[in-house]
Amino acid sequence: MQQSKKEIIKKAFVSAFPYTIPIFAGFWFLGIAYGIYMNVSGFSFVYPMIMSIVIYGGSLEFIAVSMLLSPFAPVQVFVMTLMIQARHLFYGIAMLDKFKNMGWKKFYLIFGLCDETFSINYTAEIAEDVDRGWFYFFVTLLDHLYWFSGAAIGGLLGNLIQFNTEGLDFVMIAMFVVIFLEQWLKEKHHFSAWIGFISGVACLVLFGGDSFLVPTMICILVCLSWFRKPIEKEGGIV
Amino acid sequence: MTVTQQIITIALCVLGTMLTRFLPFLIFNESRGTPSYIQYLGKVLPGAIFSMLIVYCFRNVSFLQYSYGLPELLSVSAVIILHCYKRNMLLSIAGGTICYMLLVQLVF
């Protein structure tokens with residue numbers, strides 16, 4: 001049976017929305033906090049609004065506040081950005097196949113490929129009769145809107161908001177734990193998961209919380225390349 | 001910092017971010033095909049990425065000082081138990097978050 005385009009879009013939206021609910025909670029909390037932080041740092045609400053749309057990367061945006069308050073240092077800003085955001089390279093490699101033949105949507109899907117959107121789009125089990133392209137599109141768009149609206153509200157209301165929601169930011173950690181579990185339960189063996197975990201912990205201890213991501217990524221790449229033969233012998237991951 | 005300098009700073013953040021997001025797709029475009037090594041990485045990386053993200057989430061938790069990461073570890077355990085038991089994403093996330101909020105607000 002042929003579905004009309006409107007039905008296809010609606011179906012994709014309805015199946016994508018529930019996946020984004022935890023991200024809504026997390027992004028509003030963090031986004032509002034970010035907007036308030038910019039507001040009390042002396043920036044107009046226009047800054048968090050624009051930055052949340054065009055940069056769209058939580059941790060970098062927080063650090064960008066202190067970079068905007070320091071003396072102008074373009075090279076340092078650029079290098080810092082690459083270091084913080086380097087993990088996106090991995091997301092792109094993982095999504096190469098899934099984003100094939102997505103037409104005009106592909107540009108936006110890549111533009112909005114943040115940690116949370118990647119995690120949902122990579123692991124979600126999309127039903128056969130749901131259009132994958134529109135599903136990815138709505139997850140990306142909704143997440144983007146949550147982050148933007150949170151940042152805008154925080155920037156506008158500033159320190160008027162009284163926080164009595166201590167601990168709500170755990171929602172993001174809880175989501176990553178669930179996504180990790182789903183991946184773990186799907187895998188035939190856990191070579192990759194252990195490699196990622198051990199590299200991460202070792203580099204965190206060695207390099208500290210602010211600069212362990214890039215060394216971790218290098219470690220993961222070296223280990224996965226080194227053990228390619230045995231891993232492929234086991235018949236791949238999933 | 002002048003407004004122009006601020007705009008340049010923000011633009012550099014955008015440029016750097018987009019470079020990391022678009023680069024894999026620019027190098028391995030659809031028409032050229034993907035080398036088998038990259039296809040292999042695409043399959044095995046996610047497993048490692050999700051572990052790395054968990055470590056990333058805990059990067060600022062101090063395990064050596066009070067509260068020794070206890071609220072975090074207890075709440076993560078709650079998420080795992082709930083998820084293995086009910087396998088309902090929203091329930092596990094909500095349960096774990098409420099558990100954490102109660103722990104940091106009332107206990108620790």
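It should be emphasised that the depicted structure is a prediction, and the values quoted were computed from it without experimental measurement. A, B, ... follow the sequence lines: proteins, then strands. Residue 1 opens every chain. When reading the values below, keep in mind they use all heavy atoms of this one structure, side chains included, and skip hydrogens, waters and symmetry mates.
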Subject >> Interface moiety of A:Tyr56 toward chain B, non-hydrogen atoms closer than 4.5 Å >> reply: both
**OP:** Can you tell which part of B:Thr34 gets under 4.5 Å to a heavy atom of chain A, answering side chain, backbone, both or neither?
**Re:** side chain
Original post:
Side chain, backbone, both or neither: which part of B:Ile49 has an atom under 4.5 Å from a heavy atom of chain A?
Top reply: side chain
Subject >> Top contributor to chain B interface from A:Cys114, A:Gly57, A:Gly112, A:Cys223 [non-hydrogen pairs under 4.5 Å] >> reply: A:Cys114
Original post:
Measuring heavy-atom distances to chain B, does A:Lys98 have an atom under 4.5 Å in its side chain, in its backbone, in both, or in neither?
Top reply: neither
**OP:** Name the region of A:Met51, side chain, backbone, both or neither, that has any atom closer than 4.5 Å to a heavy atom of chain B.
**Re:** side chain
**OP:** Please report the closest heavy-atom contact between A:Val54 and B:Met18, naming both atoms and the distance.
**Re:** O-CE, 3.8 Å
Subject >> Winner by heavy-atom pair count (cut-off under 4.5 Å) against chain B, out of A:Val177, A:Leu224, A:Leu181 >> reply: A:Leu224
**OP:** Could you look at B:Met89 and say if it's the side chain, the backbone, both or neither that has a heavy atom under 4.5 Å from chain A?
**Re:** both
Original post:
B:Cys57, B:Ala11, B:Cys99: which one forms the most heavy-atom pairs within less than 4.5 Å of chain A?
Top reply: B:Cys57
Original post:
Under the side-chain contact (heavy atoms from CB on, under 4.5 Å) criterion, do B:Ser51 and A:His190 qualify, and how do the steps go?
Top reply: CA-CA 11 Å; B:Ser51 315; A:His190 307 299; over 6 Å; no
Original post:
Which atoms of B:Ile54 come close to chain A, meaning under 4.5 Å heavy atom to heavy atom: side chain ones, backbone ones, both, or neither?
Top reply: side chain
Original post:
Given that the side chain runs from C-beta out, which part of A:Asn101 has a heavy atom under 4.5 Å from chain B: side chain, backbone, both or neither?
Top reply: both
Subject >> Over all atoms of both residues, closest heavy-atom pair of B:Tyr40 and A:Ile231 >> reply: OH-CD1, 3.5 Å
Original post:
Relative to chain A, which segment of B:Phe28 carries a heavy atom at a distance below 4.5 Å: side chain, backbone, both, or neither?
Top reply: both
Subject >> Neighbourhood of chain B inside residues 82-91 of chain A, taking heavy atoms under 4.5 Å as contact >> reply: A:Leu82, A:Gln85, A:Ala86, A:Arg87, A:His88, A:Leu89, A:Phe90, A:Tyr91
Original post:
Where do B:Ser36 and A:Arg228 come nearest, in terms of heavy atoms and distance?
Top reply: OG-NH2, 3.2 Å
**OP:** If the plane angle is over 60° it's perpendicular, under 30° parallel, otherwise tilted; pick one for A:Phe118 and B:Phe50.
**Re:** parallel
Original post:
If you tally heavy-atom pairs under 4.5 Å against chain A, which of B:Leu90, B:Leu19, B:Asn60 wins?
Top reply: B:Leu90
Original post:
In terms of heavy-atom pairs under 4.5 Å, which option from A:Phe111, A:Phe176, A:Phe72, A:Trp194 contacts chain B the most?
Top reply: A:Phe72
**OP:** Apply side-chain contact (heavy atoms from CB on, under 4.5 Å) to the pair B:Leu53 and A:Asp115, showing each step before the final yes or no.
**Re:** CA-CA 8 Å; B:Leu53 282 174; A:Asp115 302 319; 4.2 Å; yes
**OP:** Below 4.5 Å from any heavy atom of chain A, which atoms of B:Ile27 appear? Answer side chain, backbone, both or neither.
**Re:** neither
**OP:** Write down the atom of B:Ser75, the atom of A:Phe170, and the distance for their closest heavy-atom approach.
**Re:** CB-CZ, 3.4 Å
**OP:** Check each atom of B:Thr2 against the heavy atoms of chain A and say whether the ones under 4.5 Å are side chain, backbone, both or neither.
**Re:** neither
Subject >> Main-chain N/O of A:Ile110 paired with B:Arg21 side-chain donor or acceptor, under 3.5 Å >> reply: no
**OP:** Please test B:Cys13 against A:Met67 for side-chain contact (heavy atoms from CB on, under 4.5 Å), starting from the C-alpha separation and ending with a verdict.
**Re:** CA-CA 10 Å; B:Cys13 290; A:Met67 299 201 283; 3.8 Å; yes
Original post:
Can you pull out the residues in residues 74-81 of chain A with any heavy atom less than 4.5 Å from chain B?
Top reply: A:Pro74, A:Val77, A:Phe78, A:Thr81
Original post:
Is any side-chain heavy atom of B:Tyr37 closer than 4.5 Å to a side-chain heavy atom of A:Ser225?
Top reply: yes
**OP:** With rounding to the nearest 0.5 Å, note down the distance linking OG1 in B:Thr17 to CG in A:Leu113.
**Re:** 12.0 Å
Original post:
Mind checking what makes ring-ring contact (aromatic ring centres under 6.0 Å, His included) contact with B:Phe58, not counting sequence neighbours?
Top reply: none
Original post:
Has B:Lys86 got more than 12 heavy atoms of other residues, nucleotides or ligands less than 6.0 Å from its NZ?
Top reply: no
**OP:** Report the distance from atom NZ of B:Lys43 to atom CG of A:Leu96, rounding to the nearest 0.5 Å.
**Re:** 11.5 Å
Subject >> Inter-residue atom distance B:Ser92.OG - A:Glu182.CD, 0.5 Å rounding >> reply: 8.5 Å
**OP:** Could you look at A:Ile220 and say if it's the side chain, the backbone, both or neither that has a heavy atom under 4.5 Å from chain B?
**Re:** side chain
Original post:
Checking heavy atoms, do the side chain of B:Ile38, its backbone, both or neither come under 4.5 Å from chain A?
Top reply: both
Subject >> Point-to-point distance, once rounded to the nearest 0.5 Å, from CD1 of A:Ile50 to CD1 of B:Ile10 >> reply: 7.0 Å
**OP:** Identify which part of A:Ile173 has an atom lying under 4.5 Å from any heavy atom of chain B, answering side chain, backbone, both or neither.
**Re:** both
Original post:
Any idea which of B:Thr9, B:Val79, B:Val76, B:Leu45 has the most non-hydrogen atom pairs under 4.5 angstrom with chain A?
Top reply: B:Leu45
Could you tabulate the donor-acceptor pairs under 3.5 Å formed by side-chain atoms of residues 195-216 of chain A, not counting sequence neighbours?
| from | atom 1 | to | atom 2 | distance (Å) |
| --- | --- | --- | --- | --- |
| A:Ser199 | OG | A:Ile195 | O | 2.5 |
| A:Ser211 | OG | A:Phe207 | O | 3.2 |
| A:Thr216 | OG1 | A:Phe212 | O | 2.5 |

Subject >> Separation of B:His83 NE2 from A:Trp184 CH2 (nearest 0.5 Å) >> reply: 14.0 Å
**OP:** Can you measure from CZ (B:Phe25) to CG (A:Leu109) and round to the nearest 0.5 angstrom?
**Re:** 8.5 Å
Original post:
Do the non-hydrogen side-chain atoms of A:Cys219 and B:Met52 ever get within less than 4.5 Å of each other?
Top reply: no
